[in-house]
Amino acid sequence: PTLRAEISWCLGMSEPNAGSDLASLTTRAVRDGDRFVVNGQKVWTSGAQHADWCFCFVRTNPDVPKHKGISVLVIDMKSPGLEYRPIAELTEPTYADFNEVFFTDVEVPATNLVGELNDGWRLSMGSLAHERAMLWINYAYDLGAVLDHLVSLGQEHGFDARQRDAVASAYIDHQALQAIGYSGFAKFAKGQAAPEHSILKLFGSEALQRALLVGAEESGMDGVDLDVLGPKVWRDGGFITQYLRSFGATIPGGTSEIQRNIIAERILGLPR
């Protein structure tokens, strides 16, 4: 049913005080016979208002190091005691994707435990790795769309050498993103580790942001209709609106700061 899009899911990871530091999550799940009782809060939960199920990371053992006491539960979003509150976006107050999700004595069957008890940290690393492997495809596609709009903008208004150089840099970023992405896919297909995924998450989100900034700066020229010229990246909107939205793209799958730490430690071998 999931693959056929008959049911939808949300991911319960981030919390008010445990966003980039996922291991610090405090949402508790206490075993009570053949069920777990869940209490706590999640935030930035994409699509929670539409989801049927939540793949939720909870703390099941508070007496061990924080990475070791986490488990994963599949939680029915219609469960009594579960409440979600959509968060309106600053760039479009009538639209909401993110949500706050509150759990108050939510009962979850013990059979809804994913994997082993207290093995949630390992599952989170696998989940995030797959998310990063996916996100670069979106960034590459969107960056290509932004480039098409930048080229059209330049042809219509006659970009000077500086402006053409900015567009050329965005084109090089787009080519590099695809090359690194296919390299990572090739390793993944062979069952090998693909450190490219953290690089792609960081580079892809920030390359898209740089390209949108070029459009935001150049579309401010007199007589340019921002709404018409803006590429449809996430939703309709002009270059300036899309640029403001791009800051959110640096957060999912691990923030840019987290990606730099991962690259430094796990790829470059630098000390913590």
Side-chain angles (χ1 to χ4, degrees), residues 10-11 13-14 19-20 43-47 86-99 128 130-154 157 159 162-181 184 196-221 224-263:
C10 61
L11 184 61
M13 279 189 168
S14 296
S20 295
V43 73
W44 313 126
T45 309
S46 299
I87 302 172
E89 294 192 3
L90 288 174
T91 57
E92 192 175 346
T94 59
Y95 178 88
D97 177 38
F98 294 136
N99 291 260
L128 287 169
H130 282 290
E131 183 175 0
R132 291 163 188 154
M134 171 199 71
L135 284 171
W136 81 266
I137 303 173
N138 291 340
Y139 298 142
Y141 179 85
D142 291 339
L143 184 52
V146 172
L147 271 169
D148 288 342
H149 277 74
L150 288 175
V151 170
S152 297
L153 188 62
H157 295 277
F159 277 0
R162 178 194 63 79
Q163 294 165 319
R164 291 197 299 270
D165 183 68
V167 177
S169 293
Y171 174 80
I172 293 169
D173 284 349
H174 184 239
Q175 295 299 303
L177 182 61
Q178 291 185 95
I180 299 170
E196 288 87 354
H197 290 162
S198 284
I199 298 173
L200 287 163
K201 167 60 181 65
L202 172 64
F203 181 59
S205 61
E206 296 196 349
L208 177 60
Q209 188 173 66
R210 287 192 296 271
L212 286 168
L213 178 58
V214 173
E217 291 174 339
E218 305 309 335
S219 64
M221 298 178 294
V224 175
D225 189 330
L226 302 182
D227 290 327
V228 171
L229 283 172
K232 186 174 182 178
V233 179
W234 293 276
R235 299 180 304 284
D236 291 329
F239 266 115
I240 292 175
T241 299
Q242 300 289 18
Y243 172 66
L244 293 175
R245 288 174 180 156
S246 74
F247 286 86
T250 66
I251 297 173
T255 64
S256 292
E257 292 77 10
I258 291 296
Q259 300 310 318
R260 288 187 170 89
N261 281 343
I262 292 173
I263 293 167

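Counting from 1, the numbers follow the sequence of the chain as shown. These numbers come from the heavy atoms of this one structure, side chains and all, not from hydrogens, waters or symmetry mates.
Looking only at side-chain heavy atoms (C-beta outward), Gln209 and Leu212 stay at 4.5 Å or farther from each other. Leu11 has its side chain out of reach of Thr45: every pair of non-hydrogen atoms, C-beta onward, lies at least 4.5 Å apart.
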Before giving the answer on side chain to side chain contact (heavy atoms under 4.5 Å, CB included), spell out for His149 and Val146 the whole-Å C-alpha distance, their side-chain angles and the decisive distance to 0.1 Å. CA-CA 5 Å; His149 277 74; Val146 172; 5.8 Å; no

I'd like to know whether Trp44 forms a side chain to side chain contact (heavy atoms under 4.5 Å, CB included) with Ile87, so could you lay out the CA-CA distance, the side-chain angles of the two residues, the decisive distance to 0.1 Å, and finally the verdict. CA-CA 8 Å; Trp44 313 126; Ile87 302 172; 3.8 Å; yes

Derivation of the side chain to side chain contact (heavy atoms under 4.5 Å, CB included) call for Val233 and Leu208: CA-CA 10 Å; Val233 179; Leu208 177 60; 4.3 Å; yes

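Residues that satisfy the side-chain hydrogen bond (donor to acceptor under 3.5 Å, both in side chains) test with Asn99, not counting sequence neighbours, are Gln49. Residues satisfying the side-chain hydrogen bond (donor to acceptor under 3.5 Å, both in side chains) criterion with Thr250, sequence neighbours excluded, are absent altogether. With sequence neighbours excluded, no residue satisfies side-chain hydrogen bond (donor to acceptor under 3.5 Å, both in side chains) with Gln175. Every side-chain hydrogen bond (donor to acceptor under 3.5 Å, both in side chains) that Glu206 has, sequence neighbours left out, goes to Ser256, Arg260.
Applying the salt bridge (Lys or Arg N to Asp or Glu O under 4.0 Å) test to pairs two or more places apart or on separate chains, those with a residue in residues 239-258 are Glu92-Arg245.
Formation of a donor-acceptor pair under 3.5 Å by the Thr255 side chain with backbone atoms of Ile251 is not found in this model. Side-chain N or O atoms of Asp173 include none that pairs as donor or acceptor with a backbone N or O of Ala207 at under 3.5 Å. Looking at Gln242, its side chain does come within 3.5 Å of a backbone N or O of Pro231 through a donor-acceptor pair. For the pair Ser152 (side chain) and Asp148 (backbone), a donor-acceptor distance under 3.5 Å is present.
A distance of 10.0 Å separates CD1 of Ile263 from NZ of Lys201, quoted to the nearest 0.5 Å. A distance of 9.0 Å separates CZ of Arg210 from OG of Ser205, quoted to the nearest 0.5 Å. Separation of atoms OG (Ser14) and CZ (Phe98) is listed at 9.0 Å; rounding is to 0.5 Å.
The minimum heavy-atom distance linking Val214 with Leu150 is given by the pair CG1-CD2, 4.0 Å. Minimum heavy-atom separation, Glu218 to Leu153: CB-CD2, 4.1 Å. Across all their heavy atoms, Leu143 and Ala170 have their closest contact at CD2-O, 4.3 Å. The minimum heavy-atom distance between Val167 and Leu147, with the atom names listed, is O-CD2, 3.8 Å. For the residue pair Leu177 and Phe203, the shortest heavy atom distance occurs at N-CE2, 3.8 Å.
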Name every donor-acceptor pair, under 3.5 Å, that has one atom in a side chain of residues 133-142 and the other anywhere in the protein, sequence neighbours excluded.
| residue | atom | partner | partner atom | Å |
| --- | --- | --- | --- | --- |
| Trp136 | NE1 | Ala133 | O | 3.1 |
| Tyr139 | OH | Ala249 | O | 2.9 |

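Atom CH2 of Trp234 has more than 12 heavy atoms from other residues, nucleotides or ligands within 6.0 Å. When the shell of 6.0 Å around OH of Tyr171 is examined, it contains 12 or fewer heavy atoms from other residues, nucleotides or ligands.
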